[in-house]
Structure formats: C-alpha cells, structure tokens
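Since the structure comes first, as structure tokens, the remarks are kept for the end.
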Amino acid sequence: MNLFAVFSERVTAAINAVVGDLSHAVAIDLSRVVVEPPRDPSHGDMATNAAMVLSKDFGMKPRELAEKIAEKLRQDADVTAVDIAGPGFINLRLSGDVWYGALRGLLSDAEGFGRSHLGAHRKVNVEYVSANPTGPMHVGHCRGAVFGDALATLLSFAGYDVTREYYVNDAGAQVDVLARSAYLRYREALGEEIGAIPEGLYPGDYLKPVGEKLAAAYGKDLVGKSEAEWLPLVRAAAIAAMLEMIREDLAALNIRHDIFFSEASLHGQGGPVDITLADLRARDLVYEGRLPPPKGQLPDDWEDREQTLFRTQDFGDDTDRPLAKSDGSYTYFASDVAYMKDKIGRGFEELIFVLGADHGGYVKRLEAVAAALSGGKAHVDVKLVQLVRLFRAGEPVRMSKRSGDFVTLRDVVEEVGTDAVRFMMLFRKNDAVLDFDFAKVLEQSRENPVFYVQYAHARTKSVLRNAREALGAGAGTDTASAKLERLSDSGEIALVHKLAEYPRVIEAAALAHEPHRIAFYVHELASDFHSHWNRGNDDQSLRFVQADDVELTSARLALVQAVGLVLKNGLSLLGVRAPDEMR
RNA sequence: GGCCCCGUAGCUCAGCUGGACAGAGCAGCAGCCUUCUAAGCUGUUGGUCGCAGGUUCGAAUCCUGCCGGGGUCGCCA
C-alpha cells in the first residue's frame with residue numbers, strides 16, 4: 001500500500017468537493033498535483049502543491065484556494081491537522097493510527113510491500129549486455145549488465161510484464177575474425193606450430209579449448225579445406241562456446257536473460273531483413289541517394305557515393321542512415337531495423353536499451369526507427385551507462401587491450417563478490433562516471449555502502465535473536481498483535497515514516513527507469529536505523545529490548561522487523577543478499 | 001564544426017521529473033565514548049547549484065546563448 005497514493009486520492013476528492021461548491025463549472029488539470037513528504041518534517045507528514053498549481057484554473061489566489069481545500073481535508077478522520085504555509089502549500093498531519101496501520105500492513109505482507117500495479121502489465125523489453133560473442137566479458141560490460149538486470153527486476157516489481165533480452169551479434173565481420181582465430185587454435189591443437197597470433201586476430205587463450213574441441217570433433221578433416229568450407233563450421237562452434245562463456249560470466253552476477261536473440265537469424269534470402277526493407281520500400285521510406293559528408297574532419301576513406309538510405313530524418317534523426325555497405329551486404333543498422341520490427345511485432349510498447357555511453361550517437365536513430373515502424377506506438381528509452389574506472393586503494397588500475405591484460409568481469413566478481421559488485425554498480429546514477437575501488441568495497445566500515453546496508457540488516461536480525469534470549473523464544477514473532485501505538489519516540493516515528501515512503505520510491509524509480517534510487521533509499525534507511533540504534537547507547541530507555549516492559553519491546557521488535565524486511569526487499573530488487581549475520 | 005551527456009560544499013555524490021531556508025558521506029573544527037553486534041558517537045564550519053539571459057506565483061531542475069570536461073560523427077559491431 002502506498003500511503004502517498006491513498007492521500008493523493010483524498011486530496012483529489014477534496015478538490016472535487018470544492019469544485020462542487022462552486023456555482024459555475026471549472027476545468028481543472030490535476031496532472032501537476034503531487035502529494036509528497038515535505039523536506040522539513042516540521043512542516044507536517046504530507047504536503048501538496050494543489051492550491052498553487054490549480055489557482056489559475058479556479059481563478060483564485062493560491063492561499064484562498066488552499067483554505068477551501070483545507071476545509072474539506074479537515075473533515076477527514078485520519079487527518080489531525082491541516083495548515084497552509086508559504087506560497088500556498090497545504091500541509092497535512094496524519095493521525096498515529098494511519099502510520100501504525102501502514103506499519104501493520106507492511107508486516108503482514110513483507111515480500112509484497114512496495115509492489116505496484118503501476119505498469120498494468122504493459123509489455124516492456126529490456127535489452128542489455130548484448131556484448132559481442134568474441135571473448136569473455138570484461139569490467140566495461142559489468143555496469144550495463146547489472147543496471148539492466150536491476151531495472152528489469154524493478155519494472156517487474158512495479159507491475160510491468162518484462163522480457164530480458166540479449167542481442168547476439170553473430171552475423172558481422174568480427175565473428176569471422178573469431179572463426180579464423182579459433183581455426184588457428186584448432187591447428188595448434190592438432191600439433192601444428194602456429195607461432196604468434198597475427199595482428200587482427202583474437203589472441204586470448206580462451207580460444208584454445210575451442211580449438212581442442214574442434215580437433216576432437218573433426219580430426220584433421222578441416223585442414224586442407226578452403227576457408228569458405230571450414231569457416232561456417234568453425235564460426236558456429238566458436239560462437240556457441242563464447243556464448244556459453246558469457247552466460248557463465250553473467251551467472252556469476254546472478255544475471256539471466258529470457259531471450260538470446262540471434263542477429264544472424266534475421267539474415268538470409270527472404271529473411272526478416274529482406275522483408276522489413278521491402279515493407280519500408282513500399283512505404284517510400286527507403287531510397288537511393290547521397291549523404292552529405294560529415295562536418296569537420298573528413299574520414300580518410302570518404303567517397304561520395306550513392307547508397308540505400310532509410311528516411312530516419314523524417315522521424316527526428318539528424319540524417320538518413322545507410323542500410324547497405326559498398327559491397328552490397330546489409331549494414332548493422334539494417335539488422336537493427338529488422339530487430340526493432342521483430343520486437344514491436346511481439347507486442348512491446350516500451351523498448352529499453354541499455355548501452356555504453358559511447359553509443360550516445362545511436363539514440364536518435366533508434367527512436368526514429370521505432371517511430372517509423374510502430375506509427376509512434378512503441379516508445380524507446382535508451383539508458384546510457386557511463387564507464388567504470390577501477391582503482392586499487394586509490395591507484396588507477398591500468399588496462400591495455402592490446403596486451404590483453406584487461407580485467408575481466410569474472411576477475412572482479414571473484415575478488416570482491418557478487419553483492420559488492422552489484423551494489424556499487426547501482427550506487428550511482430547511470431549517466432555518471434563511477435569509480436570502483438577494490439580496497440574500499442571490501443572494507444568493513446561506514447565508508448563502504450555495501451557493508452553499511454547489509455550490516456544494518458544483520459543488526460535487525462541480531463536484535464531479534466537477543467530479544468529471544470532475554471524474553472523467551474516467542475519474542476518478536478507475533479507482530480500482528482503488537483501494540484504499535486507504544487512507538488512514540490521521535491527516532492521510532494521517523495523510521496516508521498521512512499518505511500512508509502518505500503512504495504513511493506519504487507514507483508518513482510520505475511517511472512524514471514532509475515534503479516539507483518533504491519540503492520540510495522536502502523542506504524538512507526540503514527543510516528536512520530544505525531543512528532537510532534546509537535541513541536540507545538546514551539539512553540538505555542531507547543534500546544529495543546526492555547526486559548521490564550514486554551508490550552513496548554514487542555512494538556519495537558515489530559518496527560525492527562519491518563526495517564529488516566524493507567532492507568531485504570530493497571536489496572533483493574538490486575540483486576544483493578541480505579545476510580542474517582556478518583561474522 | 002554538428003549532435004549527446006556532464007558541471008551542485010575542499011573531495012565523492014544525492015536532489016523525489018518545477019516547490020518551502022540546496023542535502024548526505026568523507027575531510028576540517030569542538031566535545032564525548034570503549035559498546036544490546038563488530039561501521040566509534042554527537043554537534044559544527046563550509047555552496048553566487050559553471051556564467052548570462054528567459055519562462056513561472058516559484059528554477060539546481062524547463063528554454064536560449066556562452067564557458068569548461070567527456071563521448072560520438074557514411075560502409076566497424
């Protein structure tokens with residue numbers, strides 16, 4: 001249950017009641033009305049901007065309108081005080097029962113707390129990772145992978161029907177390079193001396209097992225054959241092996257896609273690309289023409305030439321985009337168009353692409369393609385994920401692709417663990433550069449947010465364990481009958497309020513496609529809990545367990561349990577574990 | 001040169017899609033403390049929200065133009 005949504009409806013009802021009192025009809029636009037927690041808690045429990053936003057519609061001054069709305073709200077039994085402040089804010093104070101009720105609701109449905117119908121089962125496709133199947137994943141892929149996964153989980157929690165998808169680039173020139181590299185390893189496996197891997201091929205050792213497998217499967221059968229004969233066989237085997245490796249890398253991060261979509265499956269005579277382009281031609285969206293040269297520095301190999309173009313410019317792109325290469329084969333973009341058509345055909349209204357920031361130039365054309373193919377029905381949101389800079393105790397980690405000593409995703413996960421990687425990747429807005437320090441994320445200190453949040457959860461469990469020792473095995477289990485009104489300390493109340501905000505955070509994060517908000521929320525909740533805990537050091541009466549007052553203790557244990565449940569709930573959306581103890 | 005992203009306290013970053021005096025954590029300063037679970041705790045200093053206009057009752061947030069940083073710029077994926 002989202003308390004803010006509940007009171008948003010009451011505010012709407014109050015506004016409508018004011019409208020009903022008028023002698024004349026007015027048209028009002030409620031879309032800008034919000035009910036939110038005020039920044040300063042002394043202003044009240046909830047605040048709405050309704051009077052300021054609607055003052056024009058009503059033809060009244062904001063404070064005058066606020067007074068009329070306030071009058072209606074004062075009749076609500078759950079509202080104990082309504083006042084008008086500043087330019088026309090309406091501040092509400094709610095009865096304790098409302099908050100205790102919210103807490104009780106949370107406790108009775110912990111797993112579902114924050115779950116929302118916001119998405120109304122609308123179909124969303126989240127495409128993420130989509131790394132080329134030419135080698136193991138490196139850290140650069142890591143952030144997009146975690147981000148996409150957490151976003152998908154979040155949207156699904158918020159009521160969307162989510163498909164997690166990986167686009168496999170198994171059709172381009174680089175998978176041929178992969179095949180040639182694997183072929184070399186195949187000959188090596190047969191005992192041939194291959195020397196250094198030639199420039200332009202993939203040098204990594206990870207292709208050796210592929211070569212050995214090929215040797216086992218084909219013996220020497222592929223040796224004398226022409227490339228045209230062996231390449232498709234070797235390529236298929238190599239791609240399969242690389243995908244297997246990538247799946248394992250992703251599994252180490254607890255990431256699983258629903259669909260691995262093959263680019264190659266779009267090609268072939270009369271395949272989806274052919275069909276899509278024929279359709280576009282029929283709609284006059286494809287033409288033969290020339291493109292103006294790019295401004296500024298011309299590429300060395302620029303030649304003015306007629307080519308097959310998609311009128312993406314008509315749909316908001318900066319220029320039209322080529323569909324065929326000079327040798328007549330399709331561009332990557334052509335596959336992309338067919339792929340987009342396929343997704344739209346599968347009924348997705350929302351298409352999310354998680355891409356590296358270096359793909360920023362791709363945003364407009366993806367939006368244009370979706371607009372052209374769906375008639376504006378499918379909405380594209382490209383989430384650009386900025387790069388991750390690795391540090392070891394403050395020192396940047398040098399990586400050089402040429403020497404092949406790049407840090408793999410697996411290296412990182414094995415060194416610091418899945419939880420730390422996932423949390424840190426999400427503890428920053430996606431479009432901000434992220435510094436990742438190996439030393440810091442293993443630290444057991446406040447400076448390490450992963451530890452800080454997990455520790456807060458472990459502490460809630462610890463309190464419950466201690467309580468059972470002090471008060472008997474049943475302590476803290478019967479939260480349903482706890483007398484929550486015994487919670488009266490300001491720190492306790494603040495925690496209750498914070499907990500009640502959670503569903504709102506989920507919805508806002510889902511709407512904005514920003515899972516980092518959940519990471520920040522759990523960090524804040526952990527912080528509030530820790531600081532309330534610390535108050536017990538100075539003032540014994542604030543400690544959760546009061547042996548001489550079982551009723552009070554039960555109420556506090558219910559609160560502690562609720563904090564633990566929400567921490568766990570939030571962490572689970574991020575794919576991070578909530579350990580019961582951290583010894 | 002065109003387009004995209006970023007610019008908020010000394011540092012690292014939030015800022016709830018336009019709200020109330022701009023927040024947090026480090027660091028700094030001043031005290032306290034040795035623990036119901038182990039990150040010590042509490043208080044406090046500190047900002048012309050890159051600059052200049054504009055829209056609005058109201059702007060860090062939206063628009064325009066500059067400045068600075070990064071990315072990207074027919075046939076690579």
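Note on naming: letters A, B, ... go to the chains in the order of the sequence lines (proteins, then strands), and numbering restarts at 1 for each one.
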At 4.0 Å (heavy atoms only), tell me whether [X] reaches a base, stays on the sugar-phosphate, or touches nothing.
X        : value
A:Ala173 : sugar-phosphate
A:Ala458 : base
A:Ala47  : base
A:Pro322 : sugar-phosphate
A:Asn49  : base
A:Asn537 : base
A:Gly172 : sugar-phosphate
A:Ser326 : base
A:Asn534 : base
A:Ala85  : base
A:Asp318 : sugar-phosphate
A:Phe451 : sugar-phosphate
A:Gln307 : base

Cation over ring, [X] on [Y], under 6.0 Å and within 45°?
X        : Y        : answer
A:Arg556 : A:Phe544 : no
A:Arg517 : A:Phe520 : no
A:Arg504 : A:Phe4   : yes

- Message: Which residue is it: A:Met46, A:His497, A:Glu501? I am looking for the one with a side chain to side chain contact (heavy atoms under 4.5 Å, CB included) to A:Leu3.
- Response: A:Met46
- Which pairs with one or both residues in residues 447-462 of chain A pass salt bridge (Lys or Arg N to Asp or Glu O under 4.0 Å), sequence neighbours excluded?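 Non-adjacent pairs meeting salt bridge (Lys or Arg N to Asp or Glu O under 4.0 Å): A:Lys440-A:Glu447.
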- Report yes if at least one side-chain N or O of A:Lys364 is closer than 4.0 Å to OP1 or OP2 of B:rC3; otherwise report no.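 So the side chain of A:Lys364 is outside the cut-off, no N or O lying under 4.0 Å from OP1 or OP2 of B:rC3.
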- Query: Does a side-chain N or O from A:Lys325 land closer than 4.0 Å to OP1 or OP2 of B:rA77, or not?
  - Reply: yes
- Note on the structure: A:Leu384 atom CG is separated from B:rC4 atom P, nearest whole Å, by 12 Å
Nearest to the side chain of [X] - [options]?
X        : options                : value
A:Leu291 : B:rC21, B:rA77, B:rG74 : B:rG74
A:Asn169 : B:rA77, B:rA20, B:rC75 : B:rA77
A:Trp533 : B:rC36, B:rC16, B:rU72 : B:rC36
A:Lys56  : B:rA39, B:rU56, B:rA77 : B:rU56

- Message: When you measure from the side chain of A:Asn569 to the backbone of A:Phe113, do you find a donor-acceptor pair of N or O atoms at a distance under 3.5 Å?
- Response: yes
- Message: Keeping A:Asp549 on the side-chain end and A:Leu552 on the backbone end, is there a donor-acceptor pair under 3.5 Å?
- Response: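 The answer is yes, because a donor-acceptor pair under 3.5 Å joins these two groups.
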Return the orientation label for the [X] and [Y] ring planes: parallel under 30°, perpendicular over 60°, tilted otherwise.
X        : Y        : answer
A:His138 : A:His141 : tilted
A:Tyr452 : A:His523 : tilted
A:His257 : A:Tyr166 : perpendicular

- Task: Output all residues satisfying side-chain hydrogen bond (donor to acceptor under 3.5 Å, both in side chains) with A:Lys568, sequence neighbours left out; order by chain, then residue number.
- Result: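 Not a single residue meets the side-chain hydrogen bond (donor to acceptor under 3.5 Å, both in side chains) criterion with A:Lys568.
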- Item | Comparing A:Ser531 and A:Arg321 on RNA chain B - which has the more 5′ nearest nucleotide | A:Ser531
- Message: Between the base of B:rC41 and the side chain of A:Arg535, is one N or O donor paired with an acceptor at under 3.5 angstrom?
- Response: no
- Task: Spell out yes or no: do the side chain of A:Asp336 and the base of B:rA77 have one donor N/O and one acceptor N/O closer than 3.5 Å?
- Result: no
- Message: Within the 4.0 Å limit for protein heavy atoms, which parts of nucleotides 24-29 of chain B are touched? Write it as a string from 5' to 3', B for base, S for sugar-phosphate only, - for none.
- Response: -SS---
- Message: Counting primed atoms plus P, OP1 and OP2 as sugar-phosphate and everything else as base, spell out the protein contacts along nucleotides 8-15 of chain B at 4.0 Å heavy-atom distance: B, S or - for each nucleotide, 5' to 3'.
- Response: ----SSSS
- Query: Which pairs count as side chain to side chain donor-acceptor pair (under 3.5 Å) when at least one residue sits in residues 380-390 of chain A, sequence neighbours excluded?
  - Reply: A:Asp381-A:His513, A:Arg389-A:Asp435
- Query: Are side-chain N/O atoms of A:Asp419 and A:Gln454 paired as donor and acceptor at under 3.5 Å?
  - Reply: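 Yes, a side-chain donor-acceptor pair sits under 3.5 Å.
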- Give RNA chain B the dot-bracket treatment, 5' to 3': Watson-Crick (N1-N3 with N6-O4 or O6-N4) or G-U (N1-O2, O6-N3) under 3.5 Å, [ ] crossing, | other strand. (((((((..((((.....[...)))).(((((.......))))).....(((((..]....))))))))))))....
